[in-house]
Amino acid sequence: MKAAIAFVLAILAASACGHRDAPSLRTGELGGANVLLVTIDTLRRDRLGSYGNTNGLTPALDRLARSGIRYTRAYSHVPMTLPAHASILTGRTPRGHGVHNNVSFRLSDGVPTLATVLKAAGYRTGAFVGAFVLDARFGLNRGFDVYDDRYPQNYGTASFRFAERRASEVVHSAAAWILGNAATASARGPRDPPGSPTRQPRWGGRSESSSGAARASGGGVPASSKKWFAWIHLFDPHAPYDAPPEYRTGRSAYDAEVAYTDAALGELFDRLQNAHALDRTLVVVTADHGESLGDHGETTHGLFAYDSTLAVPLIIAGPRVQPRTIDQLVAHADVMPTVLDLLGIEAPADLDGVSLARDAAADRAIYFEALDANLTRDWAPLTGIVRDDWKYIDLPIAELYNVGTDSGETNNLAGREAAQRDTMARALSQMVARVARTDSATPAPPSIDADAAARLRALGYAGGSAPRRRAAYTEADDPKRLATLNERFNTALDAFNQGRGADALRNFEAILRERPDFVTARTSAATVLLAAGRATDAVALLHQAPPEQADSPELLAKTGAALREAGDFINAAAALEGARRAGSQNPDVLNDLGVVYARLGRDRDARAMFDELLRRDSHAAGAWYNLGLLELERRHADAAADALRHAVDADASYGDAWHALGAALVERDRPAAIDAWRHAERLRPRDFDLLFNLGMILADSPRPSEAVPFLERFVREAPRDRYARDIPRVQATLARIAR
Ligand SMILES: [Zn+2]
């Protein structure tokens with residue numbers, strides 16, 4: 001009943017404020033205001049009450065919409081998290097900023113963002129992100145004083161899920177920062193402690209570094225005296241859907257996530273309002289993209305670009321913003337120019353978006369794309385435009401919809417409305433030509449050297465570096481024909497995430513029999529094999545890829561990782577170098593290459609890789625850890641301790657780094673080493689090498705009785721076969737302490 005009343009009020013408010021005469025946004029009107037940007041991941045527009053949903057899922061967002069401007073036709077340029085956020089923050093479409101999917105791209109350092117511009121204008125800037133997919137390493141952190149991406153890290157744990165944290169944690173951290181008592185100091189470990197390492201930690205398998213503590217930099221001005229820009233990213237509606245139980249009753253699992261996220265936001269808005277932090281604050285809320293939930297045969301998002309995933313809510317509210325509903329076509333690239341225009345700050349040149357405070361061109365067209373399947377599987381590339389009521393999707397089987405009369409996009413008019421289709425196709429190609437300045441921004445891969453080329457040939461890879469994207473795609477490559485295969489692929493990923501590796505492998509292999517060029521199915525199958533310790537099988541499977549995929553960066557990267565796991569460091573280096581030459585920006589490639597170089601004794605090259613990772617993100621705990629291990633192996637104890645302290649500063653929950661830090665300190669500062677190993681032991685209670693080290697060093701300390709619980713547990717729990725020679729030693733030590 002309450003929900004129904006809220007909805008009726010929402011309708012009344014919307015219609016009362018729907019008059020279209022008075023200007024709603026004015027250039028420079030909000031000069032000096034704070035800015036709160038909220039992006040909700042994977043939020044379907046039709047789940048908001050203010051956009052017509054009747055289930056009362058979003059009371060907080062609906063309240064905000066009633067107080068501000070609600071855009072009924074806002075579009076994302078790409079239904080994928082990283083590129084969509086790059087558009088929101090840069091005012092450019094993916095063709096303008098160069099990021100086309102998750103993980104394999106990184107926003108180029110030369111592209112100004114809302115954060116860099118506002119910071120230059122004197123704002124303090126903070127970002128609070130909910131998931132690994134927006135980790136600092138992907139380049140959206142530039143311009144932020146604080147980039148808080150503290151989601152749980154799973155070092156060395158293979159999973160296809162992105163690490164995430166709940167909305168309540170993200171908004172809590174954001175509110176603390178906005179209100180000026182930000183807990184941005186890292187949780188620090190002990191800085192000093194000593195021993196004798198009998199066993200050293202292993203190399204980190206991944207660069208899944210970072211976090212554990214908000215990254216603070218800059219600052220110096222008292223928080224409360226400065227204008228602020230906060231960006232809050234809430235990941236909860238993204239799959240898997242696992243809202244807290246109290247939100248689930250009577251709702252689908254997806255709707256429960258939406259309701260939970262809205263509740264967390266409601267608490268944030270209330271808290272900020274009560275502290276008068278919203279009195280002079282421009283608030284912008286949108287989603288990066290929606291979720292298909294079965295529409296058009298897609299369960300999640302990323303493959304297609306129908307309105308289920310491409311249409312987004314967009315709400316702008318703030319002091320002097322008159323409530324209003326606007327039906328004109330707008331897009332994510334408009335967010336940055338609009339915000340800057342309202343603040344009276346000059347926007348960078350060459351943006352693809354326009355300020356919504358100014359009159360848009362009447363025949364405006366919005367560019368969109370969904371290129372992930374093309375980039376990772378070589379399926380036909382999907383691009384398109386929306387103009388007026390028409391939406392055109394350029395694929396081997398072209399699609400044209402009148403979204404004004406056919407919002408479900410079920411009636412493809414591409415055949416019947418040939419003239420309209422051709423007009424739209426022309427407009428798309430003109431637009432693509434106009435904004436094709438992009439990828440020049442990403443650094444060119446280094447040229448191939450003859451030695452590396454020879455090694456690549458020995459591996460069976462082509463030495464040439466020209467991409468082999470197919471010139472022509474047929475209807476068989478159209479994602480519409482491949483939607484079922486896509487769903488089977490996602491099901492296999494889920495199986496692996498749920499611990500059913502054998503099922504996952506069987507499914508990936510079945511997919512590969514049908515579509516041997518499905519690169520991501522192949523690399524995913526290899527991931528499953530690697531997780532099962534079957535590195536040689538993984539290498540063999542990767543080598544079975546069709547020869548025309550020999551220079552796929554994704555395939556080369558995984559082959560390098562598998563060869564590394566198999567102990568073939570020379571060929572691993574060749575494959576990983578090939579991945580870099582093929583343009584891979586993936587930090588895991590740099591990390592793997594650093595580890596492989598270290599294994600080959602190429603220390604300078606190894607350090608260069610870790611340094612490169614740390615230049616990208618100085619809080620990359622995994623890179624600090626691997627650098628520390630390199631120094632530790634070379635017996636540079638001081639350099640090792642220094643790097644490892646950085647690792648645990650960046651992520652206090654990094655057990656392996658604490659363990660290695662103890663090893664680095666044990667010769668010169670025994671108490672500090674004990675302290676570090678105690679930290680490690682709390683984080684990794686089942687690490688018996690560590691338990692042994694800690695117990696034995698304590699046994700030799702001035703208070704040997706402290707060793708007893710650790711050593712007793714070692715004797716009780718350590719696997720008999722692996723520790724056959726150590727157990728009697730430990731028993732003898734226990735006997736000595738008891739005397
Ligand atoms: Zn997303």
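Note that the structure is a prediction, hence the values are computed from the model and not measured. Both counts, for ligands and for their atoms, begin at 1 and track the order of listing.
- Here T81 reaches the Zn ion (ligand 1): one of its N/O/S atoms is less than 2.8 Å from the metal.
- Distances from the Zn ion (ligand 1) to the N/O/S atoms of D41 are shortest for OD1.
- Not a single N/O/S atom of H301, whether from backbone or side chain, sits less than 2.8 Å from the Zn ion (ligand 1).
- Among heteroatoms of the N, O or S kind in D288, OD2 lies nearest the Zn ion (ligand 1).
- In this model, no donor atom of one side chain and acceptor atom of the other lie less than 3.5 Å apart for T376 and E554.
- Counting heavy atoms from C-beta on, the side chains of L282 and N34 never come closer than 4.5 Å.
- A donor-acceptor contact closer than 3.5 angstrom is absent between the side chains of H97 and S108.
- Without hydrogens or angle criteria, D372 side chain to G302 main chain gives no donor-acceptor distance under 3.5 Å.
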